[in-house]
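Position 1 is the first residue of the sequence, and the numbers go up from there. Just the heavy atoms: all of them, side chains too, but no hydrogens, waters or symmetry mates, feed the values below.
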Amino acid sequence: MANEKELSIELKQEVAKGSYSNLAIITHSHSEFIIDFASMLPGLPKPEVSNRIIMTPEHAKRLFIALQDNISKYEAQNGPITFGESPKATFPMGGFGNNNTKS
């Protein structure tokens, strides 16, 4: 497309390795969304947040749209993503507030 700009980014080696997350805790205020990524694994007493991403509402919505697009493309190639049995929380969620979403 003519309006697309090339984006040159640097990916540092320690970031390129990535980190595993099977739990996301999302909170928001009027001006930002905060997404904490954590892992719930057997043998660990409680999930530990490995990454926190803070973004504006506009960028959160852009991420949402990009995820929808990529999930649609993935499912077109690989079939529908199905949900297994819902995991049960192994720690109290009460301390996180009322506007959280787990995924």
In this structure, CD1 of I34 is separated from OG of S29 (nearest 0.5 Å) by 6.5 Å

Exercise. Would L63 end up clustered with F33 when hydrophobic side chains under 4.5 Å apart are linked, directly or stepwise?
Worked result: yes

Whether E48 side chain and A38 backbone form a donor-acceptor pair below 3.5 Å:
no

N22 side-chain N/O to M40 backbone N/O, donor-acceptor pair under 3.5 Å: yes

Rounding to 0.5 Å, atoms CG (N78) and CD1 (I71) come to a distance of 12.5 Å

Taken to the nearest 0.5 Å, the spacing of H59 NE2 from I54 CD1 works out to 14.0 Å

Ignoring hydrogens and angles, tell me if any N or O in the side chain of D69 forms a donor-acceptor pair with the backbone of I65 under 3.5 Å.
no

query: I53 and M55: side chain to side chain contact (heavy atoms under 4.5 Å, CB included), yes or no, with the steps?
result: CA-CA 7 Å; I53 305 298; M55 59 181 62; 3.5 Å; yes

*Just do the side chain to side chain contact (heavy atoms under 4.5 Å, CB included) check on S31 and T56 with the steps written out, would you?*
CA-CA 6 Å; S31 57; T56 65; over 6 Å; no

Do side-chain atoms of S21 reach the backbone of L23 as a donor and acceptor pair under 3.5 angstrom?
yes

(request) Determine, using the 4.5 Å side-chain heavy-atom cutoff (strictly less than), whether Y20 and V15 are members of one ILVMFWY cluster. (result) no

Are I26 and L67 connected, step by step, through hydrophobic side chains (Ile, Leu, Val, Met, Phe, Trp, Tyr) whose heavy atoms are closer than 4.5 Å?
yes

